[in-house]
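In what follows, every heavy atom counts, from backbone to side chain, and hydrogens, waters and symmetry copies are set aside. Chain naming here is simple, since letters A, B, ... match the order of the sequence lines and numbering starts at 1 in each.
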Amino acid sequence: QKEVEQDPGPLSVPEGAIVSLNCTYSNSAFQYFMWYRQYSRKGPELLMYTYSSGNKEDGRFTAQVDKSSKYISLFIRDSQPSDSATYLCAMSASFGGGGADGLTFGKGTHLIIQP
Amino acid sequence: DSGVTQTPKHLITATGQRVTLRCSPRSGDLSVYWYQQSLDQGLQFLIQYYNGEERAKGNILERFSAQQFPDLHSELNLSSLELGDSALYFCASSELGTNQETQYFGPGTRLLVL
């Protein structure tokens with residue numbers, strides 16, 4: 001079992017729909033949760049960043065983390081064709097004393113917003 | 001534009017060869033990360049440097065090595081290349097290299113091994 005599971009899609013929805021993207025994970029040490037957006041042939045760019053459980057909203061985007069279920073979600077409201085991209089979840093553990101071991105990514109969900 | 005630069009954009013080489021990928025972090029960032037992205041494995045963490053010193057190691061093969069120089073740019077060296085090394089290689093940077101920080105990704109180097 002991979003540490004982070006993410007449905008690769010493609011997920012195709014009409015413009016204006018609410019999109020729900022999800023990841024599950026197995027490592028209970030993960031404390032920091034991120035969503036990156038990656039356009040074709042570009043580097044990933046950070047969309048949302050959440051620490052531990054809870055919700056975070058930024059414009060049309062809402063990130064949810066449920067650590068008890070090891071499940072994270074990204075919701076996109078009023079989806080636009082420009083939202084068409086691959087969405088990658090990522091997470092990392094906290095080691096208290098600082099340092100980092102890089103991010104563990106899901107494989108990404110390819111999202112298509114139909115005009 | 002994240003502020004992280006990578007060269008070259010594309011690289012085509014043959015099996016058994018050696019290549020060097022270069023990364024310049026964002027101004028003020030001390031930490032550099034290298035990632036490999038392939039269709040079957042997704043985006044995987046290879047190695048992290050902080051202010052010239054190796055800080056963390058991920059799934060990096062022994063044929064691969066990296067270093068960070070005093071001016072903070074970093075190079076990833078890939079040797080004895082195999083067909084399976086064909087992938088996108090990304091560099092990311094952050095200010096202090098901690099878990100609490102955002103990592104900013106460069107545009108990547110696309111490597112094709114023939």
Side-chain angles (χ1 to χ4, degrees), chain A residues 1-10 21 23-25 27-52 56 58 63 65 85-110, chain B residues 1-7 9-10 21 23 25-26 29-51 53-60 66 87-110 112:
Chain A
Q1 181 192 9
K2 289 188 72 71
E3 274 194 296
V4 180
E5 300 278 0
Q6 185 176 10
D7 187 335
L21 303 167
C23 287
T24 59
Y25 62 95
N27 187 346
S28 57
F30 287 141
Q31 297 278 354
Y32 302 91
F33 304 92
M34 288 136 275
W35 285 95
Y36 281 82
R37 178 174 62 194
Q38 186 176 21
Y39 291 113
S40 181
R41 298 181 176 274
K42 301 286 188 184
E45 58 175 323
L46 183 67
L47 276 179
M48 300 287 285
Y49 178 81
T50 313
Y51 169 67
S52 195
K56 186 174 182 179
D58 184 1
V65 175
T86 296
Y87 289 79
L88 300 151
C89 63
M91 41 201 84
S92 68
S94 169
F95 294 123
D101 61 353
L103 297 172
T104 301
F105 281 85
K107 283 197 175 182
T109 297
H110 183 45
Chain B
D1 183 359
S2 66
V4 178
T5 60
Q6 290 186 247
T7 56
K9 280 189 177 178
H10 304 278
L21 314 183
C23 167
R26 294 188 321 153
D29 285 357
L30 298 176
S31 192
V32 168
Y33 307 77
W34 286 98
Y35 291 87
Q36 179 194 58
Q37 187 175 39
S38 62
L39 278 173
D40 56 341
Q41 295 293 325
L43 196 56
Q44 291 205 306
F45 168 65
L46 296 178
I47 197 164
Q48 179 201 6
Y49 279 81
Y50 173 76
N51 204 21
E53 299 290 325
E54 180 184 307
R55 175 169 276 188
K57 229 172 187 177
N59 299 319
I60 189 165
L88 265 171
Y89 291 84
F90 287 105
C91 167
S93 75
S94 69
E95 187 179 358
L96 300 175
T98 66
N99 289 330
Q100 293 88 340
E101 293 181 303
T102 299
Q103 293 182 25
Y104 295 89
F105 282 76
T109 293
R110 186 173 294 271
L112 180 60

Item to check | Of all pairs that satisfy salt bridge (charged side-chain N to carboxylate O under 4.0 Å, His left out), the ones with a partner from residues 31-44 of chain A, not counting sequence neighbours | outcome: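 Passing the test, one end in residues 31-44 of chain A: A/R37-A/E45.
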Checklist entry - Which one of B/P107, B/S31, B/S94 has the most heavy-atom pairs closer than 4.5 Å to chain A? => result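 Result: the option with the highest number of such pairs is B/P107.
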Checklist entry - B/W34, B/F90, B/Y50: which one forms the most heavy-atom pairs within less than 4.5 Å of chain A? => result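 Winner by heavy-atom pair count: B/F90.
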Checklist entry - B/Q6 versus chain A, heavy atoms under 4.5 Å apart: side chain, backbone, both or neither? => result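 It is neither, since no heavy atom gets under 4.5 Å.
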Checklist entry - So what's closer than 4.5 Å to chain B heavy atoms on A/Q6: side chain, backbone, both or neither? => result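 Neither; nothing under 4.5 Å.
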Checklist entry - Within the side chain of A/T109, is there an N or O that forms a donor-acceptor pair under 3.5 Å with the backbone of A/D7? => result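 Yes, because the side chain of A/T109 sits within donor-acceptor range (under 3.5 Å) of the backbone of A/D7.
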Checklist entry - Are the side chain of B/K9 and the backbone N or O of B/R110 linked by a donor-acceptor pair below 3.5 Å? => result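 No, the answer is negative, given that no donor and acceptor are paired below the 3.5 Å cut-off.
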Checklist entry - Considering residues at least two apart in sequence or located in another chain, which fulfil the ring pair (Phe, Tyr, Trp, His ring centres under 6.0 Å) criterion with B/Y35? => result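 Residues passing ring pair (Phe, Tyr, Trp, His ring centres under 6.0 Å) with B/Y35: A/F105, B/F45, B/F105.
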